[in-house]
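Report on the following structure.
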Amino acid sequence: MRFPLKCMRCMPYASLIAILFCTFGVSICHAAPVKIMSLGDSITAGYNGSPETELRGSYRQELGTLLSQIGIDFDFVGEFQRGAGDNDHQGIGGYSIERMTAEYGPAVNLYQADYTLVLAGTNNHFAEPNREYYEETYRDLLQMVRDNAPDTSIIIATVPRFGYDRAPETSYWTESWVNERNDVRFPMMNQAIYDVAAEMGNITVVDYYSELDPTTDLISDGVHPNLYGHQKLANLFFGELSSQISAIPEPSIVFPMLAFGVMSTIRRRKRSAQA
């Protein structure tokens, strides 16, 4: 869009700059808060099996603290909330990968998060281990996120291990049963995550399976993280988020340079018109 020189002379400089920025889709203001969606099951929602996890709302409060400490303005988004402060999320207890794929699409589309943090698969442990099945379900889930929020950056965590002690006791929760999950099913799921992420491209994987210690980082049910487990997941997501967000140029840096160029052009045109 071009404006006649005559209009430029009578138009306040600030108004002209605002029009140019709107025309070219550049924001005059500082960047809006980074929108982050935590997507998953009860580990994402924040399981109420221990006081500290209920109060703190899963790993999000730990992650929020880390982001705030380095000056990142953020907004957790999602249909649900648990815990104090900004604890919006997209997690429902008991959900399998398939149910997330089938039901979370509208929320992903509505919120258009800048970053989507995914932890899914714990509730698929009853399915017979099958590499093709795992790859298909993760591919469908991640493609659903991409289809509904094409600009979101996806960071997915590997599925953590179970603990051997469980209270209250459950008849099927034996050492061999847990070993089969920890040593066969979850590693197969996690390899599928890595393979699908590499296949689809531009998806980051963080290794929660290796980071979480089932002897110290789980509550008494042997499934859900305690505060230590949440802190470890928060640290993993924070490492990737801080790296990716810091690589994005701040509009506030672009604005002075562009504004200087616009003002210089106006001055040159004024001098030419007066000559």
Side-chain angles (χ1 to χ4, degrees), residues 32-46 57-60 63-64 67 72 74-82 86-125 127 131-160 186 188-209 233-234 236-245 247-248:
V34 176
K35 292 193 294 184
I36 302 171
M37 173 175 280
S38 300
L39 186 152
D41 49 36
S42 57
I43 297 177
T44 292
S58 185
Y59 64 84
R60 286 180 303 284
L63 176 58
L67 293 171
I72 293 178
F74 65 91
D75 179 23
F76 288 126
V77 298
E79 295 181 285
F80 315 109
Q81 186 177 63
R82 168 170 282 168
D86 181 5
N87 256 307
D88 299 311
H89 65 89
Q90 194 64 32
I92 299 178
Y95 264 36
S96 64
I97 303 170
E98 292 92 335
R99 288 197 70 179
M100 296 177 203
T101 303
E103 299 181 24
Y104 286 173
V108 174
N109 182 270
L110 174 65
Y111 290 101
Q112 294 296 315
D114 299 300
Y115 296 90
T116 302
L117 311 181
V118 180
L119 176 57
T122 296
N123 293 306
N124 289 71
H125 73 89
R131 179 70 170 273
E132 291 182 359
Y133 159 72
Y134 291 143
E135 289 182 355
E136 180 181 357
T137 53
Y138 280 114
R139 187 180 297 109
D140 290 346
L141 174 65
L142 298 175
Q143 190 61 54
M144 177 277 292
V145 174
R146 278 226 172 125
D147 289 344
N148 284 282
D151 295 327
T152 196
S153 295
I154 301 173
I155 305 174
I156 183 170
T158 56
V159 183
F186 292 152
M188 191 179 293
M189 286 185 194
N190 294 333
Q191 188 58 53
I193 290 173
Y194 280 107
D195 291 346
V196 171
E199 170 195 311
M200 297 181 67
N202 296 317
I203 295 174
T204 303
V205 182
V206 295
D207 191 5
Y208 195 31
Y209 175 89
L233 183 55
L236 289 170
F237 281 140
F238 170 74
E240 288 300 328
L241 282 171
S242 59
S243 175
Q244 293 186 30
I245 293 171
I248 301 173

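Predicted model only: the values in this text are computed from it and were never measured.
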> Out of Val206, Leu63, Leu39, which one pairs with Leu117 under the side chain to side chain contact (heavy atoms under 4.5 Å, CB included) rule?
Replying inline: Leu63
>> For a 4.5 angstrom cut-off between non-hydrogen side-chain atoms, does Ile36 reach Leu67?
In response: yes
> Could you walk me through whether Ile203 and Leu142 pass the side chain to side chain contact (heavy atoms under 4.5 Å, CB included) check?
Replying inline: CA-CA 9 Å; Ile203 295 174; Leu142 298 175; 3.9 Å; yes
> At their closest point, which heavy atom of Val108 faces which heavy atom of Val145, and how far apart are they?
Replying inline: CG1-O, 3.9 Å
> Any luck finding a side-chain donor-acceptor pair between Tyr59 and Thr44 under 3.5 Å?
Replying inline: no
> What are the two closest heavy atoms between Gln112 and Pro150, and how far apart are they?
Replying inline: OE1-CD, 4.2 Å
>> Just so I know, are the side chains of Pro160 and Tyr208 near enough to count as touching, which here means a heavy-atom distance under 4.5 Å?
In response: yes
> Quick one: are Tyr115 and Gln244 in side-chain contact, heavy atoms under 4.5 Å?
Replying inline: yes
> Got Thr101 and Thr137 here, is their nearest side-chain heavy-atom distance under 4.5 Å?
Replying inline: no
>> Measuring only between side-chain heavy atoms, which start at C-beta, is Arg131 closer than 4.5 Å to Asp195?
In response: yes
> Does Ile156 reach the side chain of Thr204, with side-chain heavy atoms less than 4.5 Å apart?
Replying inline: no
> When you look at His89 and Phe76, which way does the side chain to side chain contact (heavy atoms under 4.5 Å, CB included) test go after all the steps?
Replying inline: CA-CA 7 Å; His89 65 89; Phe76 288 126; over 6 Å; no
>> Looking at Tyr111, is its backbone amide N or carbonyl O close enough to the side chain of Lys35 to form a donor-acceptor pair, meaning the two atoms are under 3.5 Å apart?
In response: yes
>> Which heavy atom of Gln81 sits nearest to which heavy atom of Asp88, and what is that distance?
In response: NE2-OD1, 3.6 Å
> Could you state the interatomic distance from OG (Ser42) to CD1 (Ile92), rounded to the nearest 0.5 Å?
Replying inline: 11.0 Å
> Looking only at heavy atoms, what is the nearest atom pair of Ala157 and Leu233, with distance?
Replying inline: CB-CD1, 4.0 Å
>> If we ignore hydrogens and angles and just use 3.5 Å, is the side chain of Tyr138 paired with the main-chain N or O of Ala120 as donor and acceptor?
In response: yes
>> Is it the case that the side chain of Ser243 and the backbone of Glu240 share a donor-acceptor pair, with hydrogens and angles ignored and the cut-off at 3.5 Å?
In response: no
>> With a 4.5 Å cut-off on side-chain heavy atoms, are Ile245 and Val34 touching?
In response: yes
> Can you check whether Ala192's main-chain N or O pairs, donor with acceptor, with Tyr134's side chain at less than 3.5 Å?
Replying inline: no
>> Using every non-hydrogen atom in the two residues, find where Ala113 and Val77 come nearest and quote the distance to one decimal.
In response: CB-CG2, 4.1 Å
> For the atom pair CZ (Phe237) and CZ (Arg60), what is the distance rounded to the nearest 0.5 Å?
Replying inline: 11.0 Å
>> Side chains of Glu98 and Asn124: any donor to acceptor distance under 3.5 Å?
In response: yes
> Are the side chain of Asn190 and the backbone of Val159 linked by a donor-acceptor contact shorter than 3.5 Å?
Replying inline: yes
> With no hydrogens and no angle check, is any side-chain donor or acceptor of Thr152 less than 3.5 Å from a backbone partner on Ala149?
Replying inline: no
> Under 3.5 Å, is there a donor-acceptor pair between the side chain of Arg146 and the main chain of Met200?
Replying inline: yes
>> Nearest 0.5 Å, please: how far is CZ in Arg139 from CD1 in Ile97?
In response: 12.0 Å
> Measuring from Glu79:CD to Glu103:CD, what's the distance to the nearest 0.5 Å?
Replying inline: 9.5 Å
> Does any N or O in the side chain of Thr116 come within less than 3.5 Å of the main-chain N or O of Ile154, such that one atom is a donor and the other an acceptor?
Replying inline: no
> What's the shortest heavy-atom distance between Gly105 and Met144, and which atoms?
Replying inline: CA-SD, 3.6 Å
> Do Val118 and Leu141 have side chains that get closer than 4.5 Å, going by heavy atoms?
Replying inline: yes
> What's the spacing between Ser38 OG and Ile43 CD1 if we round to 0.5 Å?
Replying inline: 12.5 Å
> Are the side chain of Ser96 and the backbone N or O of Arg99 linked by a donor-acceptor pair below 3.5 Å?
Replying inline: yes
>> Does the plane of the ring in Tyr95 sit parallel, tilted or perpendicular to the ring in Tyr104? Use 30° and 60° as the thresholds.
In response: parallel
